[in-house]
Amino acid sequence: MAEALISVIPEMKRKTVEAFVQKAVELDHDLVEKKTAPVSLVTIGRAENGSGVVTAKESIEEMPKKRLAKGDSICMDFGDHQVGYVTLKLHSAGSPQDAPAFLRLKFAEIPNEILDDSSTYEGWISKGWIQEEFVHIDVLPCELKLPRRYAFRYLEVLALDTSQKFQVVVEGAELTAVSAVSMDAVKPVEGLPEDLQKIDRASLKTLQDCMQHVFEDGPKRDRRLWIGDLRLQAKANYATFGNYDLVKRCMYLFAGLTRDDGKIGACLFTEPVMQVDDTFLWDYSLFFVSILYDYYQETKDLDLVKELWPAACRQIELALEDMKDGVPDTEKNPMLAFIDWKDGIDRQAPAQGVWIYCLRQGKVLAGLAEDTKAEARIGKLLEEALENAVKYFWDEGQGFFVSGPARQVSWSTQAWMVLADVFEKEKSRELMLHLLEENPEMGVATPYAYHHVIEALLHVGEKEKALELMRTYWGGMIELGADTFWEAFDPKDPNASPYGNTQVNSFCHAWSCTPAWLLREYF
């Protein structure tokens, strides 16, 4: 291995790490609270395609008139996606209450979740993420304050049992919605067609509901600070809410809560204690460089660059440990990088694109930090990486970059090689047009990966093509009734899930918020 970058930067002392965490603590904030109530009662049924849809509405003023005996239910619609804490005012009707009221409360981000049967769930991540509560109420009337925070639009109250003598009445419901930001802080984008305004509004709501004490990936699931989401959230935030302290707080947390080997983990926990998760993703650790670069471009905060550059520089050095012959070693670890949730995707070539992308930004940061040795060293690594991208991955005959032993052609590989500027702009433009024309089978599964395809098109000046894809993809979610944008979406199979079951899918997910940035930046 070539000369280690660690030799050109001072080793970060424990007291420095502790100082980063302390600064993050000091940047914490009170959340903006907003009281809201349901706007109507709804009935949810199945559409012809099997998806859940609202089939009927009723005035919310009818709710206190409903008497829920065993098997009866009501479903409230809060009018839009919400994140917060719910209080229900419950009463009894009929004869005196002679048994506990046994209720099931089901919270749903989309109508489908109301119809889902949690007992059938067989996905590979915890069933505990399904937002469903079973409660016994010994004495009515009562005010039921639910201690958990929920992400939802619809709330169903089902009486599993009462007795033959009394019924349950839901007299009222109130939500204390919480976020780090208020929608009042955002200036609307003027002059956009109605469909793009809807996309922008759902993007903003997605971002708002994911901005809590940290930038969460999803307020339903996982409620964690993931660095891949943070990079995209931060860029969208700069163009909209402008909450710089929250970005800064998250950077301090990642710099201060590294693994024992100095690598920045893919995500962090903030409760019950602040700690790094044991999940490591090679591309995500490198994105700390990118987040710091973007923050400087937005704020020109040179002091923060100098303060956090050692942590960023160390990620470049440590990334070399997972490379072989100048490219990411995905033979040893096929899941070394994330790239996308797409089944069967080979991650080696797109990871090389990420490497080049972050090296370019790291070289700029090294110059800003006046770290001349690191700047020169990164410049050399960049030259080698660009040569290796063409040497190992470019297939002149196909006109595509290929990845892995099977020489796979994927959308993500082309997008990242274009964003990395492996070729000059005109050749990159031809590559992206070739991609759209040939439409290789290995597409994308998430808005995260789709964002990079669209950004690559914008990077080479193909604004109309980018807009067309945005309308197809994010607009496709809008057509299915989305208030916020989803973690995963396949227009050909809206019920697809990376986890084997959509019941644990997140339908308000941070990496889906980027149209709000793209529309403001490019249109």
Side-chain angles (χ1 to χ4, degrees), residues 80-81 179-211 215 217-218 228-244 246-247 290-291 293-295 297-299 411 415-416 418-419 425 428-429 432-433 435-436 444 446-489 491 507-523:
D80 203 349
H81 190 275
S179 173
V181 292
S182 168
M183 202 68 78
D184 296 337
V186 184
K187 295 179 180 179
V189 179
E190 298 179 354
L192 288 179
E194 184 178 354
D195 65 328
L196 294 181
Q197 289 183 30
K198 289 181 178 179
I199 289 173
D200 182 57
R201 175 144 189 334
S203 301
L204 289 171
K205 193 72 174 80
T206 302
L207 180 58
Q208 179 194 31
D209 286 353
C210 291
M211 291 175 69
F215 283 95
D217 60 331
D229 296 80
L230 172 61
R231 183 177 70 91
L232 298 183
Q233 285 172 292
K235 291 171 83 71
N237 167 62
Y238 299 148
T240 56
F241 297 105
N243 189 325
Y244 301 117
L246 191 61
V247 181
S290 188
I291 294 165
Y293 173 87
D294 290 338
Y295 187 85
Q297 295 302 318
E298 176 67 20
T299 66
W411 285 61
W416 273 112
V418 167
L419 290 172
K425 184 174 180 178
S428 289
R429 189 181 74 84
M432 291 304 296
L433 294 176
L435 175 69
L436 296 180
V444 298
T446 62
Y448 174 82
Y450 217 90
H451 162 86
H452 295 116
V453 173
I454 289 179
E455 189 180 358
L457 284 167
L458 292 169
H459 188 63
V460 298
E462 288 292 335
K463 294 177 66 173
E464 291 306 314
K465 298 289 187 184
L467 203 57
E468 183 180 336
L469 290 186
M470 186 185 294
R471 283 182 153 127
T472 300
Y473 195 74
W474 276 272
M477 286 183 264
I478 293 289
E479 289 177 4
L480 292 172
D483 304 307
T484 52
F485 289 131
W486 306 344
E487 174 183 17
F489 177 57
F507 294 99
C508 173
H509 212 73
W511 65 29
S512 308
C513 72
T514 56
W517 166 54
L518 296 174
L519 289 170
R520 285 165 176 76
E521 180 73 16
Y522 293 96
F523 299 98

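Computed from a predicted model, the values in this text were never measured in an experiment.
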Listed partners of Pro188 passing side chain to side chain contact (heavy atoms under 4.5 Å, CB included), at least two apart:
none
About how many Å separate CE of Met211 and OG of Ser179, when rounded to the nearest 0.5 Å?
6.5 Å
Exam field: side chain Asn237 to backbone Asn243, donor-acceptor pair closer than 3.5 Å:
yes
Side-chain (Ser428) to main-chain (Val418) donor-acceptor, under 3.5 angstrom:
no
Looking at Tyr522, I'd like to know if the NZ or CZ of Lys463 sits under 6.0 Å from its six-membered ring centre while staying within 45 degrees of the ring's axis.
no
Take the angle between the ring planes of Tyr448 and Trp511 and call it parallel below 30°, perpendicular above 60°, tilted in between.
tilted
Of Ser203, Cys513, Ser512, the residue whose pairing with Pro447 passes side-chain contact (heavy atoms from CB on, under 4.5 Å):
Ser512
Measure centre to centre between the rings of His451 and Trp517, then say whether the value is under 6.0 Å.
yes
After noting the C-alpha distance and the side-chain angles of Asp195 and Arg471, does the key distance pass the salt bridge (charged side-chain N to carboxylate O under 4.0 Å, His left out) rule?
CA-CA 8 Å; Asp195 65 328; Arg471 283 182 153 127; 2.5 Å; yes
Residue list, salt bridge (charged side-chain N to carboxylate O under 4.0 Å, His left out) with Asp200, at least two apart or on another chain:
Arg520
Intermediate values then yes/no, side chain to side chain contact (heavy atoms under 4.5 Å, CB included), Glu462 and Arg429:
CA-CA 8 Å; Glu462 288 292 335; Arg429 189 181 74 84; 2.8 Å; yes
For Tyr244 and Glu298, which I'm curious about, is there any donor-acceptor pair between the side chains at under 3.5 Å?
yes
Side chains of Leu457 and Glu464: does their closest heavy-atom pair fall under 4.5 Å?
no
Establish, yes or no, whether a centroid distance under 6.0 Å links the rings of Trp486 and His509.
no
Out of the candidates Leu207, Thr206, Asp217, only one should pair with Cys508 under the side-chain contact (heavy atoms from CB on, under 4.5 Å) rule; please name it.
Thr206
